[in-house]
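As structure tokens, the structure follows; a few thoughts come after it.
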Amino acid sequence: MTVASPPAMQCSWKAVLLLVAASLAVQYTAIRTLIAKPFAICRMTKQRGCEPRPGAPCQSRPPASHILVLATTRSGSSFVGQLLNQHSDIFYLFEPLYHVQTSLINTSLRLRQPADGRRLLLGAYRDLLRSLFGCRLHDLETYIKPAPQHHRTQRLFRRGASTALCSPPLCADWPAPERWEEGECVRRCGALNLSLASGVCRRLHHVAIKTVRIPEVGDLRPLLEDPRLNLKVIQLVRDPRGILASRIDTFPDSFRAWKMWRNSGRKPYNLDASHLSATCGDFLRSASTGLARPGWLKGRYMLVRYEDLAREPERKTREIYRFLGVPLDGNVKRWILNNTRGAGASGNHKYATVRDSAATAEGWRLKLTMDMVELVQSICNLTLAQLGYRTVSSVEELRNVSVSLAEDRTFLPFL
Ligand SMILES: *[C@@H]1O[C@H](CO)[C@@H](O)[C@H](O)[C@H]1NC(C)=O
Ligand SMILES: *[C@@H]1O[C@H](CO)[C@@H](O)[C@H](O)[C@H]1NC(C)=O
Ligand SMILES: *[C@@H]1O[C@H](CO)[C@@H](O)[C@H](O)[C@H]1NC(C)=O
Ligand SMILES: *[C@@H]1O[C@H](CO)[C@@H](O)[C@H](O)[C@H]1NC(C)=O
Ligand SMILES: *[C@@H]1O[C@H](CO)[C@@H](O)[C@H](O)[C@H]1NC(C)=O
């Protein structure tokens, strides 16, 4: 940094004083940055070799981002997860909080007040997220059943959804990428060594975690307010009518009554719609918090509608990565091309992320009956209005898929 003096300035004592003061200020700022940086960048960074040696400032890469995809079941979160998983510098975990929920659910249900049970779970979720963002994968062991032996486990939930967990050095016999399939990873890779996995996590620059178990962004506030964590939240929402149609197809057992309604046209008396009010309530509260732009969310929150992603996957992905402050890499671009243009659009795996682009995002309009659509619209009316999803009042309108029901809305990240 240079302090240029204007040519006309005489070298008077005033000017000297001014220069001294200016250089002190510059030094002070430099020292402050040096003090702040090793912590903000080097310590939080998981890049190997970036531990600062005494007195030597480390080479800075952009600060590590810790990324949480906040979603709900059947909102397209596997797809968004893959956009992150494919990146060569991101360590991705698919729903690790599953283990916390299964091991604490009985305890939480036994508590007298439901609110206490909820607090217990959320507290445990946040603690585990903090551990995982810090690459302390051992902290999962408390929750995995059966308990891992010598830090090795066969039971990590959906391990196969994470590329890093299925590649060397964590998997010697990894299948060729084009024949990739989740079950293949579990069959071929053997037990997962969590110590080794923690090391792999530390060598990659960013950690991304997907979850459907945190109801709303306000529940993450303690993590978002921790500057060392540099947490960024991508909130994924989808038209609740589309979520319903997808849940009915995906979980035929739990949605038997709904399926009967769809097939027979007669509404069963024992219909449970609580999952819809819960989802729409969470969306509404979370999006309201995000759109109100409180200081603790600045730079940390982006709302993504699944429909927009399906319509323009490349553009939206670029926006997401820009928000994250992570350079997009070729793997992600290739994956988008392979998976959104119907190239290999075969297979009907429950969690398949292969999409025939925009058509499937609004495919529910040909699947649900008008009665069902009206029920969702009455339960979720505020949520639909807030997220820019148009309601329909006739079957003609419902089935005319040439007119999208996702209004053109721009949800800019809060920077
Ligand atoms: C929770 O309770 C259910 C039913 O009582 C039981 O089947 C299940 O094993 C329990 N889960 C845990 C983790 O203890
Ligand atoms: C797991 O990995 C760690 C770190 O690489 C290694 O020291 C340990 O021996 C491995 N454990 C087993 C049981 O293979
Ligand atoms: C994309 O598809 C091609 C051809 O099917 C395959 O070779 C390549 O590995 C795929 N790339 C990704 C990132 O999935
Ligand atoms: C949603 O429904 C409530 C009560 O059913 C009603 O008061 C409100 O006006 C509706 N809001 C919108 C945006 O349709
Ligand atoms: C669908 O809606 C468009 C725009 O309102 C209209 O022009 C078109 O005729 C409709 N198609 C059908 C099949 O109703």
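Note that ligands are numbered from 1 as they come in the structure, with each ligand's atoms numbered from 1 the same way.
Within 4.0 Å of atom 7 (O) of ligand 4, not a single protein heavy atom is present. Per-atom contact check: atom 11 (N) of ligand 4 touches the protein, criterion being a heavy-atom distance below 4.0 Å.
At a 3.5 angstrom cut-off on N or O pairs, Asn400 counts as close to ligand 5.
In terms of modelled atom types and a separation under 3.5 Å, the side chain of Ser286 and the main chain of Phe283 share no donor-acceptor contact.
Ranking the protein heavy atoms by distance from atom 2 (O) of ligand 4 puts Asn381 ND2, 2.2 Å first. Looking from atom 13 (C) of ligand 1 to the surrounding protein, the closest heavy atom is Thr102 O, 3.4 Å. Remark: minimum distance from atom 14 (O) of ligand 1 to any protein heavy atom is reached at Asn106 ND2, 3.3 Å. Protein heavy atom in closest approach to atom 4 (C) of ligand 5: Val403 CG2, 3.8 Å.
Electrostatic pairing of Arg285 and Asp219 does not count as a salt bridge here, judged by no charged N lying under 4.0 Å from a carboxylate O. Ion pairing between a basic and an acidic side chain is recognised when a charged N comes within 4.0 Å of a carboxylate O; Glu319 and Lys316 show such pairing.
Cys185 has its SG atom within less than 2.5 Å of the SG atom of Cys166.
At a heavy-atom distance under 4.0 Å, no atom of Ile105 approaches ligand 1.
Heavy-atom proximity to Ser402, at under 4.0 Å, picks out these atoms of ligand 5: 1 (C). If you number the atoms of ligand 4 from 1 as listed, the ones under 4.0 Å from a heavy atom of Leu382 come out as 11 (N).
Stacking of Arg228 on the aromatic ring of Phe133 is not recorded, the 6.0 Å distance cut-off and the 45° axial limit not both being met.
With sequence neighbours excluded, the residues satisfying salt bridge (charged side-chain N to carboxylate O under 4.0 Å, His left out) with Arg119 are Asp116.
Side-chain atoms of Thr289 and Arg221 include no donor-acceptor pair closer than 3.5 Å.
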